*Asks:* 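The structure's right below; bear with me while I get my questions together.
Nothing fancy with the numbering, it's 1 onward along the sequence. Here the structure is a predicted model, which means the values were calculated and not measured.
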Amino acid sequence: MTKFAETVLNGLALGSVYALIALGFVVVFKASGVMNFAHGSILLLGGWTVATTHQAVGFPLAVLLGALAAGAAAGLLHTLAARGLRGAEAHALTILTIGVDLLLVTALDQRIGADFLSTGDPWGDAVTRVGGVAVTHARLAGIVVSVVLIGGVFALFRRSRWGLSMRAAAADQEAAVLMGIRLHRVRLAAWCLAGALAAVAAVFLAAFPAPGLDRTTGQIALAAFPAAILGGMDSAVGALAGSLVIGLSSALAAGYQEQLSGLGTGLAEVAPYLVMLLVLLVRPNGLFGSKELSRV
């Protein structure tokens, strides 16, 4: 029972961090209709910025710098794509993000090499036991920070002018333009926000029990992509629900790998995609995705 409780708690912690990444996918998609496959490399950029600056400026300011760097990179990507491919369809911009991802990952690989970089987080390897259940301080902090940030993003969606503008643009872009909404500003803010959230997620992905930030950390963002698809690419609530489902399935697959050995090794890596496929067979639009209606 203790192992199950620890596994579930680890799954919730992992899912909360995935939610920061998946929410970035959803925000960008709602604002511009683009699936940003450069999200993983932007996450890695934010984490690398934290790792290389925390000794000089301290951990809190390093996280802020990482969020600013990742947000600026995402915003620059959107600006260059919007101006260079003006009038192009969303799928053309999506393909462009794949190329940018390859370039950015290659550049960061050269700087990180085979090392594991510390982000200088204050939690270290501290562990707390509650009723026999061991949980690391880093994962508890990940849950708390994710809840605060996700709550702040939802408040922006509901109560800010930017959130109202983005929801209006997602519903009908032509009507939004006629109402005076500047789509470029709305989209730029969405891309920057997604990048900043990814940078914060990188800190917790590199925290204990992980050995640190390495050149493969950005690939973890690909595990959050099924969470966004699972919940529905146009639903922020779906991103949260999908992330928790994916986090729990990954943690359970890893925790009970021996009992599930008949299904092969490395089940934890493919579990998110298996869950996504099973759900999409029943609900093609995701758990909370909206159905497209067309009149004939």
Side-chain angles (χ1 to χ4, degrees), residues 14-28 34-57 59 61-81 94-121 138 142 145-146 149 190-228 239 243 246-247 250 269 272:
L14 183 62
S16 64
V17 176
Y18 281 170
L20 294 175
I21 307 171
L23 191 58
F25 279 116
V26 170
V27 167
V28 168
V34 175
M35 292 186 181
N36 180 20
F37 287 106
H39 204 49
S41 57
I42 291 173
L43 178 149
L44 185 59
L45 173 63
W48 175 78
T49 302
V50 176
T52 54
T53 60
H54 72 88
Q55 290 184 342
V57 301
F59 178 72
L61 186 55
V63 174
L64 177 59
L65 291 176
L68 290 174
L76 180 61
L77 171 58
H78 164 69
T79 301
L80 293 176
T94 298
I95 294 173
L96 177 64
T97 65
I98 298 175
V100 172
D101 179 67
L102 293 174
L103 292 174
L104 190 53
V105 165
T106 301
L108 290 171
D109 279 353
Q110 295 175 350
R111 287 161 175 77
I112 297 174
D115 298 329
F116 288 95
L117 304 181
S118 171
T119 58
D121 65 88
V145 172
S146 297
L149 290 179
W191 282 70
C192 292
L193 175 62
L197 291 175
V200 176
V203 173
F204 293 104
L205 292 177
F208 182 79
L213 184 87
D214 71 338
R215 57 188 180 183
T216 65
T217 301
Q219 298 176 6
I220 301 178
L222 295 178
F225 183 67
S243 297
I246 293 300
S250 297
E269 286 74 19

*Asks:* Among L213, V63, V145, V17, find the residue that satisfies the side chain to side chain contact (heavy atoms under 4.5 Å, CB included) test when tested with V203.
*Replies:* V63
*Asks:* Looking only at heavy atoms, what is the nearest atom pair of A138 and F208, with distance?
*Replies:* CB-O, 3.6 Å
*Asks:* When rounded to the nearest 0.5 angstrom, what distance separates CG in L149 from CG in L23?
*Replies:* 9.5 Å
*Asks:* Hey, mind stepping through W191 and T79 against side chain to side chain contact (heavy atoms under 4.5 Å, CB included) and telling me if it holds?
*Replies:* CA-CA 10 Å; W191 282 70; T79 301; over 6 Å; no
*Asks:* Could you verify whether a donor N or O on one side chain and an acceptor N or O on the other, from T217 and D214, lie under 3.5 Å apart?
*Replies:* yes
*Asks:* Measure the acute angle between the ring planes of F225 and F37, then classify it against the limits of 30° and 60° as parallel, tilted or perpendicular.
*Replies:* tilted
*Asks:* Measuring only between side-chain heavy atoms, which start at C-beta, is V57 closer than 4.5 Å to L64?
*Replies:* no
*Asks:* Between atom CZ of R215 and atom CH2 of W48, what is the distance when rounded to the nearest 0.5 Å?
*Replies:* 15.5 Å
*Asks:* Rounded to the nearest 0.5 Å, how far apart are CG of L96 and CG of D101?
*Replies:* 11.0 Å
*Asks:* For A70 versus G195, what's the shortest heavy-atom pair and its separation?
*Replies:* CB-O, 3.2 Å
*Asks:* Compare all side-chain heavy atoms of V50 with those of L117 and state whether any distance is below 4.5 angstrom.
*Replies:* no
*Asks:* I need the minimum non-hydrogen distance between G46 and A199, along with the two atoms involved.
*Replies:* CA-CB, 3.9 Å
*Asks:* At their closest point, which heavy atom of L102 faces which heavy atom of T106, and how far apart are they?
*Replies:* O-OG1, 2.7 Å
*Asks:* Hey, mind stepping through L205 and I21 against side chain to side chain contact (heavy atoms under 4.5 Å, CB included) and telling me if it holds?
*Replies:* CA-CA 11 Å; L205 292 177; I21 307 171; 4.0 Å; yes
*Asks:* Restricting to non-hydrogen atoms, name the atom on A228 and the atom on V26 that form the minimum distance, rounded to 0.1 Å.
*Replies:* CB-CG2, 4.2 Å
*Asks:* Taking S16's backbone N and O only, do any of them form a donor-acceptor pair with S146's side chain (distance below 3.5 Å, no angle check)?
*Replies:* yes
*Asks:* For the side chain of H54 and the backbone of S118, is there at least one donor-acceptor N/O pair under 3.5 Å apart?
*Replies:* yes
*Asks:* Any chance you could measure S41, atom OG, to D109, atom CG, to the nearest 0.5 Å?
*Replies:* 10.5 Å
*Asks:* Please report the interatomic distance CD1(I42) to CG(L77), rounded to the nearest 0.5 Å.
*Replies:* 5.5 Å
*Asks:* Nearest 0.5 Å, please: how far is CE in M35 from CZ in F25?
*Replies:* 9.5 Å
*Asks:* Return the minimal non-hydrogen interatomic distance between S250 and L14, and the atom names on each side.
*Replies:* CB-CD2, 4.1 Å
